[in-house]
Each structure stands twice: as C-alpha cells, then as structure tokens.
Amino acid sequence: MTIRNTENGYGALARGLHWASALAVGAAFALGQLGEEFGKSNEAALVFAHIQAGLAVLAMLAIRLVWRHLDPPPRTLATPFDPWAAHAAKLGHWALYALLLAVPLAGLVTLFARGQPLDIAGLIEYASPWTRDRALARSAKEVHEFLSTALVALAALHALAALAHHYAFKDATLRRMLRGT
C-alpha cells in the first residue's frame, strides 16, 4: 500500500482523508439534527462534539487541499457521457470542497455572533472577536443549516455517482477509493 496516489489509484493518505472527512461530516450533521432528541441535560456535550467534528472537517480539508496540490489525484476514468460527465465530476468535487469550508465557517460565525468562545478540544479557548449579535447569529445559523443540508445532499449525489461507476459503467472509480490501485 502506497501513501501517494498513482496514475490508477488513490494512495492511503488521500483515501484516509476522504473517508475520515465523510465520517466527520456525517457525525457533525447527525449531532446537529439529533441534538434536541437527547434533551437539555446533554446539550452542552452534543454542541461541543458538533463543533469538534466541524473543526476536524476544516483541518482535514486544509490537509486534503495541500496534499492534492502536492500529489495530484489519479486520472478520471472515461464514461459514455464524457466530456460532460468529466466536467460535472470536477465541478462536483470543487463544490464539495467549497461546502466543506463554508459550512464550518458559517458555524463559527454563528458561535461568535452568539458571543460564545470557540473551545478547541478542551485545550484552547478563543474568545468571540465580536459582541453578541442575535440577528447575525440567527442569520448565520440559517446559512449554516442550509449549507450543511446542501453538503449532505451533494455528498449523497457523489456517492450515487460512485455507485453508478461501479455498477453501471463497471469501472474502477469506486474500487480506487476503497483500496487504492
């Protein structure tokens, strides 16, 4: 198993970051959606976990983008719908990256607009740079929720495209992300 990508497959680092990001997004989304189901007594712990998952998404995105620059992904496999499918895939990937950045940033704006500090893993606490602004907090929360739903919807479309490659086109697109070359 190689850490770097090859012409035909993803390396261990790209695959690990991909799946870890998917898990962190799923955890953050689930915590955001289901938080109220666990009652007020668990709210602080769930919000903390939600924020930590969002911070993990940001950290992994930064690493992914640097790694993508240093180690380009394998070539895109041809489909019967090219060149349009190739353009759509590239646009979809960059839209996913944009949402992986925008969703946590909107969450941070929400947190700071509430006047709350950012607690990083219980180790470092950054005070809000702003005074409390309820209107901004409500607006930022709406943006955060809308973008998070868009991210999950686009990720689902991404997964469906991978399944289409596997079952309809019978190519190695999905296998490359599961086990590399």
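Computed from a predicted model, the values in this text were never measured in an experiment. The chain is numbered in sequence order, starting from 1.
Tracing side-chain contacts under 4.5 Å through hydrophobic residues (I, L, V, M, F, W, Y), one never reaches Leu31 starting from Leu147; they form parts of separate clusters. When the side chains of ILVMFWY residues are joined at heavy-atom separations under 4.5 Å, either directly or via intervening members, Leu46 and Val152 end up in two distinct hydrophobic clusters. There is a path of hydrophobic side-chain contacts, each under 4.5 Å, that joins Leu58 to Ile120. Connection of Phe48 to Leu123 is not established within any shared hydrophobic cluster, with ILVMFWY side chains joined at heavy-atom distances below 4.5 Å, either directly or through further cluster members. Residues Leu101 and Trp94 share a single hydrophobic cluster, defined by chaining ILVMFWY side chains whose heavy atoms lie under 4.5 Å apart.
For the pair Leu55 and Asp119, the tightest heavy-atom approach, listed with the atom from each and the gap, is CD1-O, 4.2 Å. Between Tyr10 and Arg15, the shortest heavy-atom distance links the atoms O-NH1, 2.6 Å. Considering every non-hydrogen atom in both Asp82 and Ala86, the closest pair reads OD1-N, 3.2 Å. Shortest non-hydrogen contact noted between Trp67 and Ile3 is CZ2-O, 3.9 Å. The minimum heavy-atom distance linking Phe112 with Gln116 is given by the pair CD2-O, 3.4 Å. Smallest separation of non-hydrogen atoms from Ala24 and Met60: CB-CE, 3.7 Å.
Counting non-hydrogen atoms of neighbouring residues, nucleotides and ligands closer than 6.0 angstrom, the OH atom of Tyr126 reaches no more than 12 such neighbours. Taking a 6.0 Å sphere around CZ of Arg75, one finds it holds more than 12 heavy atoms contributed by other residues, nucleotides or ligands. Heavy atoms of other residues, nucleotides or ligands lying less than 6.0 angstrom from CZ of Phe146 number 12 at most.
The line from CG of Leu157 to CG of Leu96 is 8.5 Å long, rounded to the nearest 0.5 Å. The CG atom of Leu61 sits 11.0 Å away from atom CZ of Arg68, with the distance rounded to the nearest 0.5 Å. Residue Leu70 holds its CG atom at 12.0 Å from CD1 of Ile63, rounded to the nearest 0.5 Å. Atoms CD and OG1, on Glu142 and Thr110 in that order, are 9.5 Å from each other to the nearest 0.5 Å.
Put simply, the side chain of Pro74 does not reach to within 4.5 Å of the side chain of Glu7, judged on heavy atoms. Inter-residue side-chain proximity for Leu77 and Phe169 is flagged as unmet; no heavy-atom pair is nearer than 4.5 Å. Glu43 is listed as a side-chain neighbour of Val47, based on a closest heavy-atom distance under 4.5 Å.
No donor-acceptor distance shorter than 3.5 angstrom exists from the side chain of Asp71 to the backbone of Arg4, with no hydrogens or angles considered. Panel note: side chain His144, backbone Ala140; no donor-acceptor pair is recorded below 3.5 Å. When atom types are taken as modelled, the side chain of Asp133 and the backbone of Ala113 share no donor-acceptor pair closer than 3.5 angstrom. Judged by distance alone, with hydrogens and angles left aside, the side-chain atoms of Lys90 form no donor-acceptor pair with the main-chain N or O of His87 at under 3.5 Å.
His18 and His158 have tilted rings, their planes meeting at an angle from 30° to 60° on a 0 to 90° scale.
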### Task
Evaluate side-chain contact (heavy atoms from CB on, under 4.5 Å) for Arg114 paired with Leu136, printing each intermediate quantity in order.
CA-CA 8 Å; Arg114 290 177 175 164; Leu136 176 59; over 6 Å; no
### Message
Apply side-chain contact (heavy atoms from CB on, under 4.5 Å) to residues Leu118 and Glu125 and explain how you reach the verdict.
### Response
CA-CA 5 Å; Leu118 171 62; Glu125 191 173 276; over 6 Å; no
### Task
Run the numbers on Leu105 and Val109 for side-chain contact (heavy atoms from CB on, under 4.5 Å), then give the verdict.
CA-CA 6 Å; Leu105 290 182; Val109 170; 5.6 Å; no
### Task
May I have the step-by-step check of side chain to side chain donor-acceptor pair (under 3.5 Å) for Thr173 and Asp171, ending in yes or no?
CA-CA 6 Å; Thr173 298; Asp171 66 25; 3.0 Å; yes
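Side-chain rings of Phe81 and Trp84 stay apart, their centers remaining 6.0 Å or farther from each other.
Phe29 pairs in a side chain to side chain contact (heavy atoms under 4.5 Å, CB included) with only one of the listed residues (Val103, Leu34, Thr149, Leu151), which is Thr149.
With salt bridges taken as basic N to acidic carboxylate O contacts below 4.0 Å, one links Glu145 and Lys141.
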